[in-house]
Each structure stands twice: as structure tokens, then as C-alpha cells.
There are 2 protein chains.
Amino acid sequence: MLPEPYDLLPTTALSPQSVAAGDVLFRQGTRTRGLYVLKSGRVHLERVGPNGERLIIHRAGPGTSFAEASVFSERYHCDAIIMDAGELVRIDKSAVLAAFGNPDFARAYACLAAQQVQAHRQIMEIVGIRRAEDRVMAGIVAGFLDGTVVDFAVRLQLTQETTYRALRALVEAGRVINPSRGTYRLA
Amino acid sequence: MLPEPYDLLPTTALSPQSVAAGDVLFRQGTRTRGLYVLKSGRVHLERVGPNGERLIIHRAGPGTSFAEASVFSERYHCDAIIMDAGELVRIDKSAVLAAFGNPDFARAYACLAAQQVQAHRQIMEIVGIRRAEDRVMAGIVAGFLDGTVVDFAVRLQLTQETTYRALRALVEAGRVINPSRGTYRLA
DNA sequence: GGCAACATATGATCGAAGTCATATTCTAGA
DNA sequence: TCTAGAATATGACTTCGATCATATGTTGCC
């Protein structure tokens, strides 16, 4: 099943495909065919700078969509390169454009987009906190410590080691409790 | 004039207002009235954690909108506090919801939202680069060094000093040229 | 059960980015 | 024109997060 709001589209708009590591999904400058939903694997979006510098624009992970803006553009503005093999679904550009005629789809799309923007803004604020201890605390308050500490550290743009040390410091300061190995909660 | 796509809305949906530093625009838990476009001044969006920790969710600057997700929510999920006095426009929630019945508005909204998401992803990738020199280089390639170096440094989540030093190092390495005081370009 | 892979956890060391200080140049405005 | 404030620029010092290393605990799988 596709994530909202793309579950509202007819199946004729969807092209599932398997990809292998190293495959190039699309290239900067080629005609846009639509956006993609990644079911499994990893994809890098890269842009080539004026002097040939390769700049990673985005690293897409399982369960996320990418190249959404291509729906509103004639050409792709970056390369999409498969890092780890996986399954993905291409969603046809014209079908999405047509779907905006359906107010339910439009509202569902806008709702998700607004939430994404809000989430990004929040992560940027948190990542902007310099002290690891404050950053980790903010991350916990924001509810980011749901999975493993390793994933949490990645979200905070910190190393695991620094994250563990910050967690311990917060526990020692009484601001966080550590009821069992690997689980942390606000005090 | 309002930024796209809100310029497509009828003026009856808009409520301009002046605000002073310290004013509270809305509080977490109060009924949503709509989103805001900030013409001048500065606004902080803050959420209060379970134990009373104040967490800045977003700092809105001139020319940007905020609380977009409130259009799809019954209650505000954060406080909006005016940091610097300015002018803003409230955009009525029901008018926006109704406007999604207009495919042109829906497409314009989605186009802008998709671009915003893409821009956020890119900034997050760049901010995730640890070495200041690499980060500054990526920032230049991405075209972020359009205004002052100070603004550039803020966007990169680096201090001005580190940014200046990285710029100098890049100039010395021949990767960037510094035709005149305060101007830098790719070599 | 036993093993491999991974998450948790912490110590030691180093380097890079932050902080503080200061000087110069530029600009806007009284 | 003079001045206040901001941007540019760089030096000295410190700190904190990254890196490398290592050990233990946990989980899934053959």
C-alpha cells in the first residue's frame, strides 16, 4: 500500500519496479516522468555543480517519496542513483497533476506537505543546537527517541558515542531516566 | 502582495495586523484560525514539553509563512510569540480549505510545498557535512552565498568566524576566488 | 545451543570548531 | 560630514565532539 495521499490515485498511475545498486533511475536534464515512492533500498539524489562537484541533495530511505517537485517541472534537476537494491513505485506525473482536480486529493496532499515542512523546520532547529547535551534533550522532548539510540543519533546529526555520553550526562543530572539498558525517558 | 499561492485567495480571507515584541499570536491548544504570512519582524514558534521544557520549533523571518499545518488541525500545536515587532497577515483557514476546490490553487500550493520540502532536504544534507570547509564549499555550490557571509553562516549553522576561515582556506586551495572584499565565487 | 550481527556502553586522544578579542572597512543616517 | 552600527577579517585559546578502540549485552537464525 502506498503512503497518503498517493493511495488515492488509480493503479494505472503506478509503475512498480525493482532496482539494483548502481542503477541510475534518472539523470539531471532528462524529461520528468513523475515522482517515486521507495519501498525498500536506498537512493541518493545528486546534483553536479558548475565545476563538476557532486553534491548530495537528499538520501531517500524506505517508506519515503522523492522527486515530488518533478511533477511541476519539465526536466529532472538532479540524478537519482540507487545505493542499495530495492523496490520502488513510479507515480505518473500527469496522473498527479490531474488528481489536483479532486479536492480530497488536493487537501490530503497539502496536509501531508504542511506536516513535512513543519517536521523539517523542527529538525533543523534541533540540529542547530550546538551542545550535544542540549541537542539530545531537545530530541527527546520532540519525541525522536522512539527507535534505537543509533537511529536517534543519526537524526540529531551526532555520533552514537556522543549521543550515549549525552544521555548518560542527562541521566546523571536527573533530567532523563534510564529504566533499562537502551531505554530512556524524560524524568 | 502575498507570496504564492496565497495571492490567489480573495482579500476577504486576509486579516492584516501589526504586532509588538512580546505579543502572543496564538497559544498551544487554542482553536486554529488559520496560517500567517510574516511581512516584517520575527516570530518564534515554541512547544512546551511534558515537563515544562520550552522547545523552539521554528523561527519565522520576513517574507515567510508559518502555521500552515493549522489549516488541517482543530488546535494550534505550539505557541507563536512575537520576538521583533512587525506586520503580518492572517489567512483564514476555511478560505484555504475551500480554495483546494480550485485546481489552480491546489497545484500552485503543491508546487510551492514540494519546492520547500526539496530545499529543506538539501539544507539538511549540507548541514550534516561535518568539516566546515566541505560544508562551506557545498553551500557555495548550492548557491547559498548570495547575501552576506553572516547570513550564509547562519544558513550553514556555522559561526561567522569558522565560515570566514573556511572561505579563506578554499581561496588558498584555489577552489574559490575572492575578487573583492566580501565577495566569493567558485573558481 | 551456538554463532553472527548489531546495539549498548565507555575510555583515551586529537583536532576542529567555538569563543573571545580586536582591527578595518563599509554603509546608512543624523 | 561625522558617527554608529554592521560586515569583513583574523589571531589566540579552549572546549567539546569525532575518532578509534574495546567490552558487554541482546537478538535472530542455522
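Letters A, B, ... mirror the listed sequences (proteins, then strands); counts begin at 1. Bear in mind that the values here come from a model prediction, so they are computed numbers and not experimental data.
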Given atom [atom1] of [X] and atom [atom2] of [N], what is their separation to the nearest angstrom?
{"X": "B:Arg130", "N": "C:dG18", "atom1": "CZ", "atom2": "C1'", "result": "16 Å"}
{"X": "A:Leu170", "N": "C:dA9", "atom1": "CG", "atom2": "C1'", "result": "16 Å"}
{"X": "B:Arg135", "N": "D:dA18", "atom1": "CZ", "atom2": "C1'", "result": "14 Å"}
{"X": "A:Tyr184", "N": "C:dA7", "atom1": "OH", "atom2": "P", "result": "14 Å"}
{"X": "B:Asp134", "N": "C:dA16", "atom1": "CG", "atom2": "P", "result": "11 Å"}
{"X": "B:Phe152", "N": "D:dT8", "atom1": "CZ", "atom2": "P", "result": "12 Å"}
{"X": "A:Gln160", "N": "C:dT10", "atom1": "CD", "atom2": "C1'", "result": "12 Å"}
{"X": "A:Leu167", "N": "C:dT8", "atom1": "CG", "atom2": "P", "result": "10 Å"}

ask   = Are A:Phe144 and A:Val150 in one and the same hydrophobic cluster, where Ile, Leu, Val, Met, Phe, Trp and Tyr link if side-chain heavy atoms are under 4.5 Å apart?
value =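 Shared cluster, yes.
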#### Entry: Polar pair under 3.5 Å, donor/acceptor by atom type, side chain A:Arg165, base C:dG11
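For A:Arg165, whose side chain was compared with the base of C:dG11, there is a donor-acceptor pair (under 3.5 Å).
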Next on the checklist: Tell me if the side-chain of B:Arg181 makes a donor-acceptor pair with the base of C:dT24, cut-off 3.5 Å, by modelled atom types.
Outcome noted: yes
For A:Asp151 and B:Gln157, find the nucleotide of DNA chain C closest to each by heavy atoms; which residue's nucleotide sits nearer the 5' end?
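Between the two, 5'-proximity favours A:Asp151.
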Measuring from the side chain of [X] (C-beta onward, heavy atoms only), which nucleotide among [options] has the closest atom?
{"X": "A:Glu161", "options": "C:dT8, C:dT10, D:dT8", "answer": "C:dT10"}
{"X": "A:Ala132", "options": "D:dA7, D:dT10, D:dG17", "answer": "D:dG17"}
{"X": "A:Arg131", "options": "C:dA17, C:dG11, D:dG17", "answer": "D:dG17"}

Short side-chain N/O contact to [N] OP1/OP2 from [X], under 4.0 Å:
{"X": "A:Thr159", "N": "D:dG17", "answer": "no"}
{"X": "B:Tyr164", "N": "D:dG11", "answer": "no"}
{"X": "B:Thr162", "N": "C:dG18", "answer": "yes"}

Inset, instruction - Answer yes or no: is there a donor N or O on one side and an acceptor on the other, between the side chain of B:Asn178 and the main chain of B:Thr183, under 3.5 Å? - result: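 Pair found, side chain donor or acceptor close to backbone of B:Thr183.
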When you check the gap from the basic side-chain N to the acidic O, do A:Glu125 and B:Arg47 get nearer than 4.0 Å?
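Result for this pair is no, no salt bridge flagged.
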Please determine whether side-chain contact (heavy atoms from CB on, under 4.5 Å) holds for the pair A:Val96 and A:Glu68, giving the CA-CA distance in whole Å, both sets of side-chain angles, and the decisive distance to 0.1 Å. CA-CA 10 Å; A:Val96 177; A:Glu68 297 90 340; over 6 Å; no
| said: Does A:Leu25 form a side-chain contact (heavy atoms from CB on, under 4.5 Å) with A:Asp23? I'd like the steps, not just the answer. | reply: CA-CA 6 Å; A:Leu25 203 55; A:Asp23 283 3; over 6 Å; no
